[in-house]
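Down below is the structure, laid out as structure tokens.
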Amino acid sequence: MTSLLYLLGGILLVAGAVFLLSGGIGLVRMPDAYNRIQAGTKATTLGTLLTLAGVACLRPDWALKLLLIGLFLLFTNPLSSQVLARAAHRVGVKQAPQTVIDRLEEDLGEKP
Amino acid sequence: MTANSETQPRARRIAVMFATLLLFWVMLMGRVTADVLIVGVMVSLAIALLFPSGLSFFTEFRATPKAFAAGIRYYGLFFKELVKSNLKLAAIVLSPSLPIKPGIVKVRTRLKSRMGRLMLANSISLTPGTLTVEMEGEWLYVHWVSVGSTDVEGATAEIVAGFERYLEVIYG
């Protein structure tokens with residue numbers, strides 16, 4: 001039973017690390033600030049959650065606290081990236097040339 | 001503040017805030033003993049009385065069996081979408097041509113409560129290639145890595161509809 005939990009924990013830790021790696025690569029490869037925030041948010045959320053789940057398998061007595069950390073992460077991570085994206089847009093950070101549409105800019109232009 | 005939160009009595013909001021804070025405190029301490037409870041009750045009560053209009057996890061939660069069922073279904077959908085978005089983003093990031101088509105689209109939500117809108121914006125930020133940039137009343141401006149449709153109706157159907165169905169039942 002214990003060895004099975006250890007195996008599961010290891011698998012979860014590796015999966016989390018893989019997602020975190022993909023997030024890191026995304027940060028480097030994406031063309032502009034907004035796309036980088038996207039890559040950063042999603043990959044780190046799932047990656048960290050999987051890592052926490054892996055740790056919970058290795059140390060079951062920490063499970064409750066890890067669950068709490070996961071919950072806070074789930075709530076604060078998207079919030080912080082939303083605020084970052086909004087701040088970037090407000091100070092006028094340029095978007096990548098591939099960008100097809102910007103409704104927010106259009107609507108801001110209409111207002112006096 | 002929306003009309004919904006105004007109609008909720010102050011005492012109920014304080015009670016909900018107090019219960020949520022105490023729950024988190026007990027979870028954080030990991031044991032239920034007299035000293036833990038005394039400190040927890042004192043601090044939770046003080047915070048709940050000082051910030052009665054703050055948002056907490058169960059603010060505006062409709063405590064009905066239907067809402068609980070929708071909550072479970074919502075989290076099921078949420079985690080499915082989270083995994084899907086990660087796989088999709090990993091595929092985009094790892095492919096040599098970097099096939100993105102970014103843009104900011106405008107979507108509309110039917111949700112009225114503050115907590116419902118917060119959860120919706122958070123869910124959008126964590127699911128396939130979308131990130132909430134700005135919120136203005138019922139309008140949400142969403143950054144989309146690969147834009148599917150640029151008009152309001154099409155984008156709303158693709159981004160918002162799935163979550164809204166459940167959040168409407170949970171928070172209104």
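Being a predicted model, the structure only gives us computed values, none of them experimental.
- Of all the listed residues (A/Ile69, A/Leu46, A/Asn77), the one sharing the greatest number of non-hydrogen pairs under 4.5 Å with chain B is A/Leu46.
- The distance from the OG1 atom of B/Thr20 to the CD1 atom of B/Ile47 is 11.5 Å, given to the nearest 0.5 Å.
- Neither the backbone nor the side chain of B/Val142 comes within less than 4.5 Å of any heavy atom of chain A.
- Looking only at side-chain heavy atoms (C-beta outward), B/Val41 and B/Phe18 come within less than 4.5 Å of each other.
- Using a 4.5 Å cut-off between heavy atoms, A/Thr45 contacts chain B through its side chain alone, with no backbone atom that close.
- One distance of note links CG of B/Asn86 with OG1 of A/Thr44; it measures 8.5 Å at 0.5 Å rounding.
- Contacts of A/Arg90 classified as side chain to side chain donor-acceptor pair (under 3.5 Å), with partners at least two apart in sequence or in another chain: B/Glu134.
- With a 4.5 angstrom heavy-atom cutoff, B/Leu89 touches chain A only via side-chain atoms.
- Here the side chains of A/Leu67 and B/Met27 are in contact, with some heavy-atom distance below 4.5 Å.
- Using a 4.5 Å cut-off between heavy atoms, A/Leu74 contacts chain B through both its backbone and its side chain.
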